[in-house]
Structures are given as structure tokens and as C-alpha cells.
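Residues: numbered from 1 along the sequence shown.
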Amino acid sequence: MKHLTGMMMGLLVSLSSCGKSNDNPPAEKKAPLNLVVNTVVSTDSSGTVTFTAAAENAVSYDYDFGNGYIRTTANGSTSYTYNTPGVNNYTVKVTAKSADGLTVGQSLSVAVPVSTKLLWSDEFNQDGAPDPKNWGYDIGTGDNGWGNNEAQYYTDRTQNAAISNGTLKINAVKESYNGRDYTSARLLTKGKFNFTYGRVEVSAKLPAGGGTWPAIWMLGSNIATAGWPACGEIDIMEHKGNEPQKIYGTVHHPGHAGGNADGGTTMVANLAGAFHKYTLDWSPAQLRWYVDDKLYFTFNNAAGLPFNHDYFILLNFAIGGTFGGAIDPAFTKGTMEVDYVRVYKH
């Protein structure tokens, strides 16, 4: 038994030794080293900043531009255009990542000047009806409820659109009027203010309730001759009361209109309970949509698209229809409240 035990022990030692000889220590993971970030701020007040980052062992770079927008690049180089007027400071965070998933970060402060050249605005400071130099009205129901089976009759009455205490109130009211069960208003700058390219900013508080459909949007000024969607449509903000937290930004053009339009969405907390800023930045290269200065959708413009000529602005509050959806039977009145509409020239 002692001899057998010795043999067994020898075998175990031998097997143990063989096992150890096959163990290779794991390769050491590599982290990015010596991250360097350089910035060049455009001197033309366009808001464009060019970033260049480099680090040893890095295979990608994440940029947090300090306004809620994040971008990843492989070579570390990128550019970003800020759109808030004035000189604003942003804390930009750059994170370099290695092939092993290890990271190193660096934060830097960037002062960005953006042109404050105001092209046109309405601050809604004068109580009463909206300024007729700025706004006209679409009246009635349009063709089949403005083409969307909407339930309201649009009027030019102050019951449906009026200024008080520094804001424009567009009121949708449940009432029997000219064969419809609801009234509201649709204001537009057509023939009063038209423009090509720039930044549109609108501060608005949206209504609540199933079936409500407020919108801030633009149509090509050539709609009478070109028709829709050849004239182009740019929806700066659309909201469904049946989707309380969601905002839509959309463009309609030939081949991409109605349910086939190009667009994006974002979720916003306390949407109907507070004022939020809705922004469109429009250039020959791109159209960009923001809520409270946070970018959520970008559309690449091109010479062949109908987004390179004059447009006019519309503010309206629809009820129901193919987009607004089912109307809450308990709905009696809602208000789309607008603090200002401002258009800046690039």
C-alpha cells in the first residue's frame, strides 16, 4: 500500500506539473495614454468649433459637446456647430477608448460666439389680436379638414387667438361652429415675412389632452404654384396629446411626405406644464432640430431638395385628425401659449 500510494502521489505531482506548464499569464490590457485635445473656434461667429484629439493606444473618441449631444469618431477629429446666440461657455468632455475597452478622459471649457443678428421677431407684448403686420389667418376647415381629417374650424376671432400678459394664446374650444364641434386658430406669416436659411427659435408651452395637435412649422412660399409637397414643408415642432412626452421634427418633400416623411423625435419631461424652446437651424448644408438647445435630429440638405428657397411660418393648434388621433371626450378647452418667435440670420 505504501508503494502504491507513492506511485499515486508521483502521478499527481506529474499531472500537476504538466498543468502548470500550460498556464500562460493573461495579456495585460492596454489603456489610452497621453490624451491631447486641441480646439479651433471659428472667428465668423457661426458657432463652429473644430476638435482634434489624439492618444496612444486609442481606437475611438467620444465627444460630449456640453449641450446633450454626443458623437463618436475613430480618428479623433470632428467639428460641431453650436446655435445659441451670444458668447456661451461649454464644458466639452473627450473620452479616448482603447481596443481593450479602457478609457481616459479630458474636460475642457470652450467659449463659442454665435451671431445675434435678429432678422425678424414677434415678442407678443401688445395685448389684443396678433399684429396684422406679422400674422394672417387660414379660415375654415380647408380641403377635408386641411387634408388630415381634423375636427376643428379655424377662425380669426380673439376667442381663438389673442395676446395677453406677454404671450400669444391659441385656444382650441369645444363648441358647435359652422358645422364643426371645435374651433381653433391657424396663424401664418405668408405674404408678410418670408425668408431663406437662418435659425428659428420659438418659446412655447403646449396644451394637454388626447387629440390635441399643436404645431410650429413652415411651408415653401411657392406653394400656390408648386403645390404640396413640391414646395417643401419643415415641421419645427409637432406634438400629440396622446403621446404626452414626445416631440416630432419633420421634413416633407416629393417622395417623402405624409407618413413617409423624414423626421426624428425626442422625449421631453414636463412637456405640457412648462415653456420649452423649439429651434430649427437651417442652412444649405443641413437642417437641425433642437429642444432646449439639445440637438435631436439632423437632415442633410442638397441643391435638388425644396429647402433652398423662401418659407413662411405657421402656428396652429389642431384637434384630432390622422396625426392628432382620438379626441378625449372630456376635452373642452386647451391653450398653446407662445412667448416669442425669433428668426436669426446666419
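- Between Tyr248 and Phe323, the two ring planes are perpendicular [angle over 60°; tilted spans 30° to 60°].
- With respect to the salt-bridge test (charged N to carboxylate O, under 4.0 angstrom), the residues Lys277 and Asp293 qualify.
- For Arg199 and Tyr344, the positive end sits near the middle of the six-membered ring, less than 6.0 Å away and at most 45° from its axis.
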>> The test is salt bridge (Lys or Arg N to Asp or Glu O under 4.0 Å); show your working for Asp131 and Lys133 and say whether it passes.
In response: CA-CA 5 Å; Asp131 189 342; Lys133 296 192 301 294; 3.2 Å; yes
> Please walk me through it: do Arg186 and Tyr137 pass side chain to side chain contact (heavy atoms under 4.5 Å, CB included)?
Replying inline: CA-CA 6 Å; Arg186 172 161 148 156; Tyr137 300 83; over 6 Å; no
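- Tyr340 carries Arg342 over the face of its six-membered ring, with the cationic atom under 6.0 Å from the centre and within 45° of the normal.
- Using a 30° and 60° split on the angle between ring planes, Trp120 and Phe193 fall in the parallel class, below 30°.
- Between Glu201 and Thr279, the side chains place no donor N or O within less than 3.5 Å of an acceptor N or O (distance only, hydrogens not considered).
- Salt-bridge formation is detected for the pair Asp281/Arg288: a Lys NZ or Arg NE/NH1/NH2 atom is positioned less than 4.0 Å from an Asp or Glu carboxylate oxygen.
- Note on ring orientation: taking the six-membered ring where Trp is involved, the planes of Tyr63 and Phe51 are tilted (angle from 30° to 60°).
- Between the CD1 atom in Ile236 and the CG atom in Leu287 there is a gap of 9.5 Å [rounded to 0.5 Å].
- Checked against the 6.0 Å centroid threshold, Tyr90 and Tyr82 count as a close aromatic pair.
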>> Is there a side chain to side chain contact (heavy atoms under 4.5 Å, CB included) between Thr167 and Phe275? Walk through the geometry before answering.
In response: CA-CA 11 Å; Thr167 63; Phe275 281 93; 4.1 Å; yes
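- Among Thr332, Ile327, Val173, the one residue that satisfies the side-chain contact (heavy atoms from CB on, under 4.5 Å) test with Tyr182 is Ile327.
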>> Determine whether Trp213 and Asn242 satisfy the following criterion, side chain to side chain contact (heavy atoms under 4.5 Å, CB included), listing intermediate values before the conclusion.
In response: CA-CA 9 Å; Trp213 175 9; Asn242 287 312; over 6 Å; no
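- Taking hydrophobic clusters as Ile, Leu, Val, Met, Phe, Trp and Tyr residues chained together by side-chain heavy-atom distances below 4.5 Å, Leu35 shares a cluster with Val49.
- Both Tyr296 and Phe299 sit in one connected hydrophobic cluster of ILVMFWY residues. Membership requires side-chain heavy atoms under 4.5 Å apart, directly or through other members.
- Note: Tyr197 and Trp282 have perpendicular aromatic rings, judged against thresholds of 30 and 60 degrees for the angle between ring planes.
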